[in-house]
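Just follow the structure's listing: the first ligand is 1, and inside any ligand the first atom is 1. Just so it is clear, the values below take in all heavy atoms, side chains as well, and ignore hydrogens, waters and symmetry mates.
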Amino acid sequence: MARLVFLHETPFEYLGVLVLSGYLKEKGHDIEVFVASEEGKHFWDKVREYKPDWVGFSSIASIHHECYRLAKAAKKELDGIGTIFGGPYVSYYPDCIKREEVDVIIRGEGEEALLDFLNAHDEGEDYSSIPNLWTKKNGAVISNPVRPLESNLDKYPVPDRDIYYKYNYLRKTQFKYFMTGRDCPYNCYFCFNQEFRKLYGLKSYPMRRHSADRVMDELHLCKEKYPLQKVCFNDDIFPINKAWLNEFLPRYKKEIGIPYSCNIHTNMVNDDVAQLLGQSGCDHVMLGLEAGNPRVRREILGKKFSNEQFYKAADTLHKYGVRIKTYNMMGCPTETLDEALETMELNSRAKVEYPWCGLFHPLPGTRSEQIAREKGLIKESFTLEDSKGSVFLESHLDQPDIKKIQRAHKVFYFGARNHRLIPLIRKLVQFRLGYVYNIIFLMTYLIRYMRETGNSFFNTFLMGIKNIKNF
Ligand code: SF4
């Protein structure tokens with residue numbers, strides 16, 4: 001059977017790889033992962049010893065350069081081996097197939113396409129007409145449409161965590177990710193979600209979910225086999241189906257009983273939902289606030305709720321003992337420094353416990369990116385290839401105040417935890433302090449991460465060192 005190895009540089013367990021590995025192994029294929037930071041100088045020896053038929057990459061927009069680097073190196077180290085790319089990045093940016101180091105891409109959900117591809121490999125058959133798959137022949141790109149979305153998620157077995165947990169660092173992480181379903185009903189202007197839906201020609205998503213039994217099986221297995229002190233349900237929006245929650249959460253509380261976190265939308269928070277979450281052991285929820293200024297949030301980012309709604313949601317969650325992590329962006333198209341500072345203020349006044357912040361990076365094709373283009377804030381030729389990856393370093397926009405906003409982003413945590421510091425921050429960002437800002441950002445990022453995940457200082461420090469390339 002075909003041997004496929006996934007490679008990446010930094011230690012992070014990609015849920016997509018776990019799911020693919022579980023499914024493809026069940027179908028008899030041989031799947032492996034090697035992480036460069038964990039293997040050290042023996043990395044390529046290990047990959048060679050495994051004798052892969054293909055090298056795979058699960059690519060998102062922030063790590064695509066890392067994937068390209070590894071794919072180039074793999075071709076050199078493994079005698080021109082074939083490379084196959086999946087993940088949101090290639091769904092979104094299929095032009096990457098034109099690159100020399102990319103041989104095959106799989107757009108959309110990859111389980112069935114990758115299975116067909118590996119089966120074709122085993123049979124020595126032509127794979128160029130497999131739905132979802134793009135490849136090249138004699139220099140010409142061959143593209144195939146996507147197949148319909150799989151409606152029965154329980155078809156896929158429990159994700160194969162063993163594939164990553166041979167690495168101590170990943171196995172010992174107390175905070176582990178789970179997905180109970182796929183799809184999101186919202187239409188934020190900056191998000192990949194709208195493009196993914198277009199790819200499938202859908203006006204709305206079917207909102208697919210695993211059965212409660214299947215999710216419980218996965219949780220039990222993980223709890224029995226590995227250290228697990230916090231569960232993160234990483235579905236785009238977790239409390240989407242009240243009947244499902246009413247079945248699942250009481251069982252979760254009784255049988256698993258580990259504090260958990262989940263994504264929720266501000267518009268969904270009410271007493272019923274907050275109480276259900278609080279009573280079932282929800283430690284904190286993740287809310288996409290994105291921008292504190294109502295104009296930026298609504299018109300540029302497509303987040304349709306007011307400041308008052310956000311305050312009310314925060315109060316309701318706190319009333320039931322549920323803490324809050326927010327996702328925020330600074331440097332949004334047309335955003336001024338004062339508007340960016342409002343994001344700190346809203347977080348602080350709503351008493352958000354774990355405020356996270358990146359810089360706005362335009363995803364080509366999204367409405368937010370179109371706005372940036374129309375206003376002349378990004379160069380016409382901009383593509384995802386130009387994106388430098390990390391959303392923590394610098395903005396791609398050319399607009400007034402952007403340098404000051406970049407500096408404000410580095411000290412975001414202070415203002416978001418205490419709005420009384422904002423006047424001081426407004427003065428501070430007038431000064432160029434070079435790497436001092438980056439060091440402050442890294443320290444505050446780790447403090448927030450440690451508080452949010454409950455990881456020890458040592459593990460958090462280790463996480464920072466191992467992932468330094470991603471900052
Ligand atoms: S709620 Fe989250 S996943 Fe859904 S469209 Fe908005 S940003 Fe994307």
N/O donor-acceptor pair under 3.5 Å between E66 side chain and E9 backbone: yes

When distances are taken from atom 1 (S) of ligand 1, the protein heavy atom at minimum range is C184 SG, 3.6 Å

Surrounding NZ of K230 (heavy atoms of other residues, nucleotides or ligands, distance under 6.0 Å), is the total greater than 12? yes

N/O/S from C191 sitting under 2.8 Å away from atom 8 (Fe) of ligand 1: yes

Applying the side-chain hydrogen bond (donor to acceptor under 3.5 Å, both in side chains) criterion to Y165, which one of E13, K172, K225 satisfies it? E13

Is it the case that the ring center of F392 lies less than 6.0 angstrom away from the ring center of W356? yes

Show which atoms of ligand 1 fall inside a sub-4.0 Å distance from at least one heavy-atom site of F190. 7 (S)

Quiz question for you: does at least one protein heavy atom lie closer than 4.0 Å to atom 7 (S) of ligand 1? yes

